[in-house]
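Along the sequence shown, residues are numbered consecutively beginning with 1. Nothing here was measured: the structure is a model prediction, and the numbers come from that model.
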Amino acid sequence: MATDTLPLSLSSYQLGRLDSFWAYDNEVTAPLHGFSSASDYYRRASAGRLVGDIELPTLILHAADDPFMPGDMFERLPTPSDAVRIEIASHGGHVGFVESRQGRLGSWMARRVCRQLQDWASVPRQLHVMTNRPG
């Protein structure tokens with residue numbers, strides 16, 4: 001375990017009083033990584049504002065019960081491009097997506113991603129052939 005001190009001017013008491021992710025990000029994450037505040041960090045580090053610009057087929061899986069990102073966050077983002085498929089599961093936590101099948105725990109997310117990859121693989125590719133014609 002590291003014993004070095006963090007380059008922050010917070011006491012252990014102050015760290016213990018941080019009672020939300022936003023408070024922690026504002027006092028720890030943002031200053032450690034060169035952001036002026038948690039709001040600045042969220043604005044500049046989030047890819048959410050780019051979801052409308054995605055060109056490659058993309059599956060975004062999210063859980064309504066994710067403790068880090070609210071289930072309604074996509075309502076506050078730009079409309080996704082046609083290449084994006086967003087699925088919001090009622091349960092899954094923060095990248096958990098554990099399921100019980102036939103009495104065994106497994107990864108629903110791994111199964112879902114595998115199915116999506118199979119779906120994409122079954123779509124015929126459109127070939128764009130450039131021809132050089134003398135002219």
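- Rounding to the nearest 0.5 angstrom, the gap separating the CG atom in Asn26 from the OH atom in Tyr42 is 8.0 Å.
- Closest of all the heavy-atom pairs between Ser46 and Gly48 is OG-N, 3.0 Å.
- The distance from the CG atom of Leu117 to the CZ atom of Arg112 is 9.5 Å, given to the nearest 0.5 Å.
- Remark: the backbone N or O of Ile54 is paired with a side-chain donor or acceptor of Ser81 at under 3.5 angstrom.
- Note on Leu10: it clusters hydrophobically with Leu32, by side-chain heavy-atom contacts below 4.5 Å among ILVMFWY residues.
- Heavy-atom contacts from other residues, nucleotides or ligands closer than 6.0 Å to CG of Asp72 number more than 12.
- Hydrophobic clustering (side-chain heavy atoms under 4.5 Å, transitive across Ile, Leu, Val, Met, Phe, Trp, Tyr) keeps Leu59 apart from Val95.
- Looking at heavy atoms from C-beta onward, Trp22 lies in side-chain contact with Ser39 at the 4.5 angstrom threshold.
- Other residues, nucleotides and ligands contribute at most 12 non-hydrogen atoms within 6.0 Å of the CZ atom of Arg17.
- Shown here for Pro78 and Arg49, the closest heavy-atom pair between the two residues is CG-O, 3.6 Å.
- Residue Phe97 holds its CZ atom at 5.5 Å from CG of Leu61, rounded to the nearest 0.5 Å.
- Taken together through direct or relayed side-chain contacts under 4.5 Å among Ile, Leu, Val, Met, Phe, Trp and Tyr, Ile60 and Leu77 form part of one hydrophobic cluster.
- Both Ile88 and Val84 are assigned to one and the same hydrophobic cluster, defined by single-linkage of ILVMFWY side chains at heavy-atom distances under 4.5 Å.
- Residues satisfying the side-chain contact (heavy atoms from CB on, under 4.5 Å) criterion with Ser11, sequence neighbours excluded, are Tyr13, Gln14.
- A donor-acceptor distance shorter than 3.5 angstrom exists from the side chain of Asp65 to the backbone of Gly93, with no hydrogens or angles considered.
- Residue Met73 is grouped with residue Val51 when hydrophobic side chains (ILVMFWY) are merged at heavy-atom distances under 4.5 angstrom, including chains of intermediate members.
- Distance alone, capped at 3.5 Å, is enough to place a donor-acceptor pair between the Asp66 side chain and the Met69 backbone.
- Residues Phe35 and Ala45 share a closest heavy-atom pair of CZ-CB, 4.4 Å.
- Interatomic distance, SG of Cys114 versus CE of Met109, reported as 13.0 Å (0.5 Å rounding).
- Heavy-atom neighbours of His94 NE2 from other residues, nucleotides or ligands within 6.0 Å: above the threshold of 12.
- Between Glu55 and Ala83, the shortest heavy-atom contact is O-CB, 3.5 Å.
- Contact annotation: the side chain of Gln118 never approaches that of Ser122 to less than 4.5 Å [non-hydrogen atoms, C-beta and beyond].
- Ring planes of Phe74 and His62: perpendicular class, angle over 60° (limits at 30 and 60°).
- Taking all atoms of both residues into account, the shortest heavy-atom contact from Arg76 to Pro70 is NH2-CG, 2.9 Å.
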